[in-house]
Amino acid sequence: MTFTKLMKGSALGALAIAMATAVAPAQAEAATAADQQRAERDRGDRQERRSERRQERRSERREARNDPRSERREARAQVRREAPRRQARPQQRAERPQPVARDQERRGREWNRSDRRSDTAQVRSGRDWNRSERRDANRAIRREDVREASRTDRRADRREERRADRRADRREDRRIDRRQDRRADRREDRRIDRRQDRRADRRADRRADYRDAYREGRRDERRRDNREDRRIRRDGYRDGYRDARRGDRHERRKRHWDGRRWHHYNTWNRYDWRDNHRYNWHDYRKRYRSIYRLGRYYAPYRDYRYRRLSIGFYIGDLFFGSRYWINDPWRYRLPEVYGPYRWVRYYDDVLLVDTYSGEVVDVIYDFFW
């Protein structure tokens with residue numbers, strides 16, 4: 001019985017060995033395929049990690065350029081990334097099966113394949129668990145990085161918006177100030193231009209009035225003088241006045257015709273009135289200087305200039321017209337005149353002129369001022 005049992009057992013063992021030898025290549029092929037898939041997965045994970053590291057380094061560089069606090073944040077993120085890896089490494093090392101010598105594993109035909117399968121399954125499960133933990137940790141780190149990046153982006157956007165708002169406000173303020181300054185300058189320029197225009201208009205009007213008055217006065221005086229001259233000449237020619245004027249120029253007695261009859265008069269004595277204290281115009285002018293301050297003198301001719309005239313000089317009739325007469329000589333402490341004599345203003349001088357002959361009989365220089 002024992003032998004038969006042994007034979008049966010040996011037969012079964014041989015059959016099992018044959019079956020095991022038949023199944024072993026298939027399992028080996030499956031194991032190699034699984035190992036290849038694992039290697040490819042590991043390669044893919046490594047590539048992904050490398051790409052992630054590259055992206056992280058680029059983001060770190062960008063943040064380091066943009067924000068000075070990026071180094072601290074990157075250090076914290078690096079610590080967070082390395083923390084799960086460090087925790088997983090000792091666990092992986094602990095879960096890794098200890099290598100068993102091949103001679104001990106293959107020793108005997110009763111090598112327990114189920115144990116090997118359980119060990120490999122346990123290792124695989126440990127690897128998968130470690131991978132899932134890594135993935136979760138990486139996802140958490142990525143989320144944290146994304147949040148941190150979004151925060152930094154928001155802060156940068158806010159800062160940029162604030163800067164843009166400040167710049168826009170400053171530009172707007174500058175524009176408003178420039179507009180106000182331009183408006184104020186324009187208003188001031190307009191006011192100045194208006195004032196200058198008004199002054200120029202007033203001056204032009206005054207000059208025009210003076211010219212018109214001067215012209216009208218000259219015309220009227222010329223007309224009156226011409227009429228008088230015509231009458232005198234006509235009467236003189238009738239009664240021989242021309243010959244009498246020539247002969248009586250150096251005589252003591254003179255006469256003039258007033259249109260109706262002849263009037264005889266004595267020649268002017270320029271020394272008698274100067275010795276009279278009633279006509280002391282020097283002292284009187286010192287006390288009452290404002291009386292001797294007259295306006296501007298307008299000569300009868302446009303291009304005529306002042307010339308110092310002396311006694312015995314003959315002047316034209318326009319110089320002793322009615323507009324130049326001193327109608328109230330006593331106001332200036334001058335003696336009264338008679339006959340054809342008239343006190344006449346000549347610039348700042350005073351002339352006593354014989355209106356019928358135009359002779360300067362007496363003169364006072366620098367009488368007015």
Side-chain angles (χ1 to χ4, degrees), residues 162-228 281-310 313 315-334 342-353 355 358 360 363-369:
R162 291 174 183 173
R163 291 176 183 174
D165 294 337
R166 291 174 184 172
R167 291 174 185 172
D169 295 336
R170 291 174 183 172
R171 290 176 184 173
E172 191 65 25
D173 294 337
R174 290 175 184 172
R175 290 176 184 173
I176 293 169
D177 295 337
R178 290 174 185 173
R179 290 175 185 173
Q180 293 178 354
D181 294 337
R182 289 174 185 173
R183 291 176 183 173
D185 295 337
R186 289 174 184 172
R187 291 175 184 172
E188 190 66 24
D189 294 338
R190 289 174 185 173
R191 292 175 183 173
I192 294 169
D193 293 337
R194 289 174 184 173
R195 292 175 184 173
Q196 292 178 355
D197 293 338
R198 290 173 184 172
R199 292 176 182 174
D201 294 337
R202 291 173 184 172
R203 291 174 183 174
D205 295 338
R206 290 174 184 173
R207 291 175 183 174
D209 295 338
Y210 291 152
R211 289 174 184 173
D212 296 338
Y214 181 70
R215 291 173 182 174
E216 293 295 332
R218 286 181 60 187
R219 290 175 184 174
D220 295 339
E221 289 179 1
R222 286 177 181 176
R223 290 173 184 174
R224 287 195 296 267
D225 295 339
N226 290 331
R227 290 173 185 174
E228 292 177 359
W281 58 272
H282 290 280
D283 297 337
Y284 187 77
R285 189 178 64 175
K286 291 179 182 178
R287 289 180 294 174
Y288 305 99
R289 295 178 63 85
S290 60
I291 298 174
Y292 295 86
R293 183 183 296 172
L294 300 181
R296 183 178 178 183
Y297 179 83
Y298 292 95
Y301 301 101
R302 180 178 296 178
D303 298 332
Y304 184 83
R305 295 181 181 179
Y306 174 79
R307 299 173 184 176
R308 194 178 182 88
L309 303 180
S310 59
F313 190 86
I315 60 177
D317 54 355
L318 296 179
F319 286 96
F320 53 86
S322 61
R323 62 180 299 188
Y324 300 108
W325 291 358
I326 298 176
N327 295 322
D328 189 7
W330 175 247
R331 184 181 180 186
Y332 304 101
R333 294 302 183 267
L334 294 175
R342 289 286 181 181
W343 287 108
V344 178
R345 181 190 175 191
Y346 176 74
Y347 289 93
D348 291 339
D349 301 340
V350 176
L351 306 178
L352 185 63
V353 182
T355 58
V360 178
V363 62
I364 303 174
Y365 300 110
D366 297 328
F367 187 77
F368 299 106
W369 63 282

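Residue indices begin at 1 and follow the sequence shown. All values below come from the heavy atoms of this structure, side chains included, with hydrogens, waters and symmetry mates left out.
- A cation-pi geometry, defined here as NZ or CZ lying under 6.0 Å from the six-membered ring centre and within 45° of its normal, does not hold between R345 and W343.
- Expressed to the nearest 0.5 Å, how far CZ of R211 lies from CZ of R302 amounts to 7.5 Å.
- Side-chain polar atoms of D349 and Y306 form a donor-acceptor pair below 3.5 angstrom.
- The line from CZ of F313 to CG of L351 is 10.5 Å long, rounded to the nearest 0.5 Å.
- Using a 4.5 Å heavy-atom threshold, the side chains of F320 and P300 count as separate.
- Between I364 and L334 there is a side-chain heavy-atom pair separated by less than 4.5 Å.
- The line from CG of D283 to CZ of R333 is 11.5 Å long, rounded to the nearest 0.5 Å.
- Atoms CD and CG, from E188 and D193 in turn, are 10.0 Å apart once rounded to the nearest 0.5 Å.
- Once rounded to the nearest 0.5 Å, the distance linking OH of Y347 with CZ of R308 reads 14.5 Å.
- Side-chain contact check for F368 versus V350: some heavy-atom pair is nearer than 4.5 Å.
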CA sep, side-chain torsions, deciding dist, call: L318, Y301, side chain to side chain contact (heavy atoms under 4.5 Å, CB included): CA-CA 9 Å; L318 296 179; Y301 301 101; 3.3 Å; yes
Extract all donor-acceptor atom pairs below 3.5 Å that involve side chains of residues 284-298 and protein atoms in other chains or at least two apart in sequence.
residue	atom	partner	partner atom	Å
R285	NH1	D366	O	2.8
R285	NH1	F367	O	2.8
Y292	OH	Y332	O	3.1

Intermediate values then yes/no, side chain to side chain contact (heavy atoms under 4.5 Å, CB included), V363 and L309: CA-CA 8 Å; V363 62; L309 303 180; 5.8 Å; no
